[in-house]
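The figures here come from the full heavy-atom set of this structure, side chains too, leaving out hydrogens, waters and symmetry mates. Order of the sequence lines sets the chain letters (A, B, ...), proteins ahead of strands, with each chain counted from 1. In this text the structure is predicted, and so the values were computed from the model without any measurement.
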Amino acid sequence: NAGVTQTPKFRVLKTGQSMTLLCAQDMNHEYMYWYRQDPGMGLRLIHYSVGEGTTAKGEVPDGYNVSRLKKQNFLLGLESAAPSQTSVYFCASSYGGLTYEQYFGPGTRLTVT
Amino acid sequence: GIQVEQSPPDLILQEGANSTLRCNFSDSVNNLQWFHQNPWGQLINLFYIPSGTKQNGRLSATTVATERYSLLYISSSQTTDSGVYFCAVTVMNTGFQKLVFGTGTRLLVSP
């Protein structure tokens, strides 16, 4: 039981490049989330999904897109990376929303130069 | 919006010591979770504890929702307990729920 996994663990991008972060969970959770963690600002919700085929915007969705084609996977895309997107990105999942325990992936450290 | 404050902000312990971390929140909440972020950045869910007391090994937590606080107890601390401890509450934002994380307590356990 791997829990929540994320790939890649580290990435350096140049401004304007694109990339996709992959999150996978093997707990059959319906809900999945993408957060970013910045120093002094805690974790902020980017996008979330309440089930396969659904996505919704969180607090800071601009500059990101997401897809949930399969229940176990939640992809976060950056179409044109900007230095302001330098951050640590965490994926999380839960059985039934934020009133249930959240399980986090190990994080992806992204630097945009 | 809701404010979630943790104390102390920093804590240094000798291995084997006990400690209590506090989380205060400014409004009523339906649930509260405690997380440990280890030195490698991994966020680990310790407790889901909207009210009452739970124990898991050397760790235990108590939430008194009516008084808007939660406590995390660490007994017989070990170096692997080092890291940052966050409490988080769920609030309703415009159209979606979100977790509001506390300010964190940075713990260093020295051998």
Side-chain angles (χ1 to χ4, degrees), chain A residues 1-6 8-11 23 25 27 29-51 54-61 66 87-111, chain B residues 1-6 9-10 23-52 54 56 59 61 63 65 70 72 83-106:
Chain A
N1 207 355
V4 181
T5 58
Q6 292 181 233
K9 288 186 169 52
F10 303 94
R11 187 71 186 268
C23 175
Q25 53 94 5
M27 296 174 282
H29 285 166
E30 290 293 337
Y31 287 66
M32 297 186 74
Y33 311 84
W34 276 107
Y35 294 89
R36 58 179 288 173
Q37 186 178 30
D38 301 298
M41 301 195 72
L43 276 79
R44 292 182 291 170
L45 181 65
I46 304 171
H47 285 281
Y48 65 101
S49 168
V50 303
T54 75
T55 63
K57 294 180 180 179
E59 290 176 90
V60 288
V66 287
S87 189
V88 180
Y89 291 85
F90 287 96
C91 175
S93 72
S94 65
Y95 173 72
L98 291 178
T99 53
Y100 290 79
E101 290 179 75
Q102 297 281 289
Y103 294 90
F104 282 82
T108 295
R109 187 173 294 276
L110 174 66
T111 302
Chain B
I2 191 169
Q3 303 297 314
V4 184
E5 295 184 354
Q6 294 183 239
D10 296 282
C23 171
N24 291 330
F25 38 97
S26 61
D27 206 347
S28 300
V29 297
N30 290 325
N31 60 77
L32 184 141
Q33 302 182 59
W34 281 98
F35 295 92
H36 175 218
Q37 187 165 34
N38 66 24
W40 297 270
Q42 174 80 50
L43 270 165
I44 299 162
N45 193 305
L46 298 175
F47 292 103
Y48 173 79
I49 183 164
S51 63
K54 288 187 178 179
N56 184 3
L59 303 182
T63 296
S70 182
L72 178 70
V84 183
Y85 290 80
F86 292 101
C87 61
V89 298
T90 299
V91 298
M92 194 67 185
N93 202 19
T94 50
F96 61 90
Q97 288 182 329
K98 69 171 187 177
L99 279 180
V100 176
F101 283 79
T103 47
T105 292
R106 188 175 300 275

For chain B, which candidate among A:Ala92, A:Gly107, A:Gly3, A:Gly105 shows the most heavy-atom pairs at distances under 4.5 Å?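 Winner by heavy-atom pair count: A:Gly105.
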Taking atom CD1 of B:Ile49 and atom CG of B:Asn56, what is their separation to the nearest 0.5 Å?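 B:Ile49 CD1 to B:Asn56 CG: 11.5 Å, rounded to 0.5 Å.
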### Task
State the CH2-OG1 distance between A:Trp34 and A:Thr108, to the nearest 0.5 angstrom.
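OG1 of A:Thr108 is found 5.5 Å from CH2 of A:Trp34.
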Legend entry - Structural part of A:Gln37 lying under 4.5 Å from a heavy atom of chain B: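 Contact with chain B: side chain only.
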Under 4.5 Å from any heavy atom of chain B - which part of A:Phe90
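Contact with chain B involves the side chain of A:Phe90 alone.
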Margin query: With chain A as the partner, which of B:Asn38, B:Leu32, B:Thr90 has the greatest number of non-hydrogen pairs under 4.5 Å?
Written below: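 Ranked by heavy-atom pairs under 4.5 Å with chain A, first place is B:Thr90.
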Query - Largest heavy-atom contact set with chain A, pairs under 4.5 Å, which of B:Tyr48, B:Phe86, B:Phe35 - result: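 Greatest number of close heavy-atom pairs with chain A: B:Tyr48.
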| said: Under 3.5 Å, is there a donor on one side chain and an acceptor on the other for A:Ser94 and A:Gln102? | reply: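 On atom types as modelled, these side chains qualify, holding a pair under 3.5 Å.
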Which class fits the ring pair B:Phe101 and A:Tyr35: parallel under 30°, tilted 30 to 60°, perpendicular over 60°?
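Ring orientation of B:Phe101 relative to A:Tyr35: perpendicular.
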(message) Using ring centroids (six-membered ring only for Trp), state whether A:His29 and A:Tyr103 fall under 6.0 Å.
(response)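 Yes.
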